[in-house]
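Here the structure is laid out as structure tokens; the discussion comes afterwards.
Read the numbers this way: they start at 1 and go in the same order the structure lists the ligands and their atoms. No hydrogens, no waters, no symmetry mates; every other heavy atom, side chains included, goes into these values.
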Amino acid sequence: MEIIHTISALKTVLTPLQKAKSKIALVPTMGALHKGHLSLIKLAQQQADIVVCSIFVNPTQFTDPKDLEKYPRPLEHDIKMLSDAGCNLVFMPSVKEMYPSFPKPENWHIDLGKAEFLLEGEFRKGHYQGVTQIVKKLFDAVNPDIAFFGQKDFQQVLMIKNMVKHFNMPVEIISCPIIREEDGLAMSSRNIHLSETDRKNALVLSKALQYVKDNFDLLNLAQLLENAKGMINETNGVELDYFTIADGETLLPIENKTAKYPVALVAAKVGETRLIDNMLLGTNSA
Ligand code: PAF
């Protein structure tokens, strides 16, 4: 497995492969890899010839400097995981490589549509501009045919799809199923910040989502929301930011169950750690 730090070295390795018509997959990550990331690598391997994984803790998507500072960076562990998983290439650029004028912000903006400002966009202003800025730079550097993202950040996948449409980029975006611990907790790099008590309390998020999914055909939307929010609000140490049943394409709350693509989304602070999770509610959803 090759580890590459600069865009020019990356292009030197990838260009001949692209000329030889190898299908290139990109799995963008911020490191602190877990089984969820490995599932993305696996899906990428099934669909492409070469899998590139990027590890870059992107400063422009953090709205809280403390969150950026404490973001876990277990690099050696990450590299071993990727190598064991058979990843072909790791791209690990410096901040200066991706943002030459850093810390001066780059003044460009992508129109991501109205959904940018809902849910996470409301609580983390500018977050998805930062995400799409770096994903665009990674796409420009790697030129992948296909890229894989976890459904856990449902809104992120939607924003990236909107960006790809906006620039008419020749890359296919794949949203991959959420990987959960046995008890239901969605895997996240942030879970390592949870204390033992937080870890127990955090289970209410997936339980509330599962409750909505199980009862979607039985109760009306207002009852579902009231009961799910009630479960979370009753849990000590969990502070709810939002729980919504939304249309997966607009992220606006649905008004009736005929919506094509309903999804329940939640965000809450568990102890000091902010977690997000979601569940698709359609009949064929996992
Ligand atoms: O989901 C993440 O880990 C990040 O938001 C991403 C897509 C790698 C961009 O920094």
Side-chain angles (χ1 to χ4, degrees), residues 7 10 25-41 43-44 51-65 67-75 77-79 81-82 87 89-99 102 105-106 108 110 112 115-116 119-121 123-142 144 146-164 167 169 171-179 186-193 265 267 273-278:
I7 295 171
L10 187 65
L26 174 64
V27 180
T29 81
M30 297 208 298
L33 304 179
H34 49 70
K35 284 191 197 145
H37 295 108
L38 289 187
S39 75
L40 305 185
I41 302 280
L43 288 169
V51 176
V52 181
C53 177
S54 61
I55 298 182
F56 181 68
V57 181
N58 173 36
T60 67
Q61 72 188 73
F62 285 82
T63 41
D64 174 1
D67 193 23
L68 172 61
E69 205 179 298
K70 75 172 192 190
Y71 201 83
R73 292 166 169 86
L75 265 188
H77 160 267
D78 287 349
I79 289 169
M81 263 178 105
L82 290 176
C87 178
L89 219 150
V90 184
F91 180 47
M92 259 172 34
S94 66
V95 173
K96 278 276 179 204
E97 182 71 8
M98 299 316 284
Y99 297 104
F102 193 83
E106 292 183 10
W108 52 288
I110 306 171
L112 299 170
E116 179 193 348
L119 309 180
E120 288 306 290
F123 286 87
R124 306 176 74 191
K125 299 242 180 309
H127 172 65
Y128 289 117
Q129 285 300 319
V131 168
T132 47
Q133 196 172 50
I134 193 61
V135 172
K136 177 165 190 322
K137 282 171 182 270
L138 291 168
F139 284 179
D140 288 345
V142 175
I146 187 164
F148 294 77
F149 297 87
Q151 183 208 303
K152 191 173 80 68
D153 192 336
F154 187 91
Q155 191 169 6
Q156 168 169 283
V157 182
L158 182 66
M159 294 298 100
I160 291 167
K161 283 185 175 164
N162 286 358
M163 172 188 76
V164 164
F167 289 115
M169 293 171 146
V171 52
E172 186 184 353
I173 304 298
I174 307 289
S175 174
C176 307
I178 298 176
I179 303 297
M187 290 201 186
S188 161
S189 305
R190 291 173 201 271
N191 290 352
I192 63 160
H193 296 311
L265 302 117
T273 308
R274 191 166 180 283
L275 299 179
I276 56 174
D277 197 355
N278 66 80

Applying side chain to side chain contact (heavy atoms under 4.5 Å, CB included) to S39 and not counting sequence neighbours gives I179
Taken in chain and number order and not counting sequence neighbours, the residues that satisfy side chain to side chain contact (heavy atoms under 4.5 Å, CB included) with P74 are A32, P72, H77, D78
_Less than 6.0 angstrom from the centroid, inside 45 degrees of the normal: does K136 satisfy that with respect to the ring of F167?_
yes
In terms of ring plane angle, is the pair F62 and Y71 parallel, tilted or perpendicular, where the classes change at 30° and 60°? perpendicular
Between G36 and M187 the two heavy atoms that sit nearest each other are N-SD, 4.0 Å
Numbering as shown, the atoms of ligand 1 that approach [X] to under 4.0 Å (heavy-atom distance):
X	answer
P28	8 (C)
Q61	4 (C), 5 (O), 9 (C), 10 (O)
Q156	1 (O), 2 (C), 4 (C), 5 (O), 7 (C)
I134	9 (C), 10 (O)

Quick look: D153 vs ligand 1, heavy-atom contacts under 4.0 Å, and the answer is neither
